[in-house]
Amino acid sequence: QHYCVASFEVDTCRLLDVNDAYVQMYGYSRAELLGGMTIVDLSAEPDKSRDAVQQAVADGSIFVPLRYQRRKDGSIFPVEIVGGPYLWNGRQVMFTLAHDITQRQQAEDELREREALYRFLVTSLSEVFFTCDAQGLLTFTNAAMAHMCGADDPQHLVGRYIFEFVAPSDMELAQSAFQQALTQLIVPNSLEMRLLKQDGQQYWVEVK
């Protein structure tokens with residue numbers, strides 16, 4: 001990862017020095033950047049960038065964990081920036097390290113979209129669907145499972161153990177199948193057992 005390094009004057013935000021990576025990332029020549037340009041000129045959020053500098057000076061700490069910048073061609077991209085103020089020849093100067101996080105943000109956005117689609121699909125299923133941890137603690141249930149168990153809301157089931165809903169007569173069968181799935185990664189193609197509604201009523205189900 002090539003970090004873009006720059007320093008600028010706090011009072012004016014005028015750039016004082018930049019490295020080659022900084023020049024490449026923004027698309028300006030070194031002469032353009034050091035010929036009077038400020039960090040605000042490079043920001044797609046000028047007010048936030050200006051405020052962040054002042055906050056960093058007041059706190060004496062690193063600043064700007066994430067900010068959107070603008071290249072010379074007008075394209076906007078996300079960057080992660082850290083830096084800090086210091087005194088240089090009697091002037092307050094800010095030293096910064098920045099890098100383009102476009103690819104990382106795209107990957108995070110795609111992951112969120114996939115998770116949203118997955119949740120939409122399993123929530124919309126007419127068949128019962130749930131997830132649980134290795135102890136059998138429910139972490140997600142859809143509306144179909146809530147209805148089957150006699151619960152008003154799927155969230156009312158989250159945090160409870162799946163074995164609470166198994167009839168005593170089939171508890172050994174359910175626990176054995178669960179442990180086999182965990183330890184041997186063997187899941188029955190179809191398993192019939194009796195479950196319990198919240199009111200104690202028993203009913204037969206096929207688990208896959």
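Numbering of residues begins at 1 and proceeds along the displayed sequence.
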Hydrophobic cluster membership, [X] vs [Y], 4.5 Å side-chain cutoff:
X: M171; Y: Y161; result: no
X: M37; Y: I81; result: yes
X: V40; Y: F8; result: yes
X: L182; Y: F130; result: yes
X: L34; Y: Y28; result: yes

Query raised in the report: How far apart are the C-alpha atoms of F165 and R160, what are their side-chain angles, what is the distance that settles it, and do they pass the side-chain contact (heavy atoms from CB on, under 4.5 Å) test?
Result: CA-CA 9 Å; F165 306 100; R160 297 177 63 179; 3.7 Å; yes
Looking at [atom1] of [X] and [atom2] of [Y], how far apart are the two atoms once the value is rounded to the nearest 0.5 Å?
X: L111; Y: E115; atom1: CG; atom2: CD; answer: 4.0 Å
X: R71; Y: M25; atom1: CZ; atom2: CE; answer: 8.0 Å
X: N142; Y: H147; atom1: CG; atom2: NE2; answer: 11.5 Å
X: T131; Y: L137; atom1: OG1; atom2: CG; answer: 10.0 Å
X: R50; Y: T38; atom1: CZ; atom2: OG1; answer: 7.5 Å
X: L16; Y: N89; atom1: CG; atom2: CG; answer: 10.0 Å

Is any side-chain heavy atom of [X] less than 4.5 Å from a side-chain heavy atom of [Y]?
X: V205; Y: E192; result: no
X: V5; Y: F95; result: yes
X: L173; Y: L191; result: yes
X: M145; Y: F129; result: no

Requested in this report: For the pair Y26 and K72, evaluate side-chain contact (heavy atoms from CB on, under 4.5 Å) and give the outcome as yes or no after the intermediate values.
Outcome: CA-CA 6 Å; Y26 286 97; K72 184 177 182 178; over 6 Å; no
Query raised in the report: Would you find more than 12 non-hydrogen atoms of other residues, nucleotides or ligands less than 6.0 Å from Q184 atom CD?
Result: yes
Requested in this report: Please check if atom CD in E206 has more than 12 non-hydrogen atoms from other residues, nucleotides or ligands closer than 6.0 Å.
Outcome: yes
Can you name the residues that form a side chain to side chain donor-acceptor pair (under 3.5 Å) with [X], not counting sequence neighbours?
X: R14; result: none
X: T183; result: none
X: R114; result: none

What is the minimum heavy-atom distance between [X] and [Y], and which atoms define it?
X: S29; Y: E32; result: N-OE1, 2.9 Å
X: F178; Y: D133; result: CZ-O, 3.6 Å
X: M94; Y: T96; result: CG-CG2, 3.9 Å
X: A44; Y: R70; result: CA-NH2, 3.9 Å
X: D153; Y: A146; result: C-CB, 4.0 Å
X: L196; Y: Y203; result: C-CE2, 3.7 Å

Requested in this report: State whether K48 and D51 are salt-bridged, where the test is any N-O pair (Lys NZ or Arg NE/NH1/NH2 against Asp/Glu carboxylate O) under 4.0 Å.
Outcome: no
Query raised in the report: So does R30 pair up with D20, basic N to acidic O under 4.0 Å?
Result: yes
Report task. Just do the side-chain contact (heavy atoms from CB on, under 4.5 Å) check on L33 and L42 with the steps written out, would you? Result -> CA-CA 9 Å; L33 291 168; L42 302 174; 4.1 Å; yes
Query raised in the report: Would you find a donor on one side and an acceptor on the other, under 3.5 Å apart, between the side chain of K197 and the backbone of Q202?
Result: no
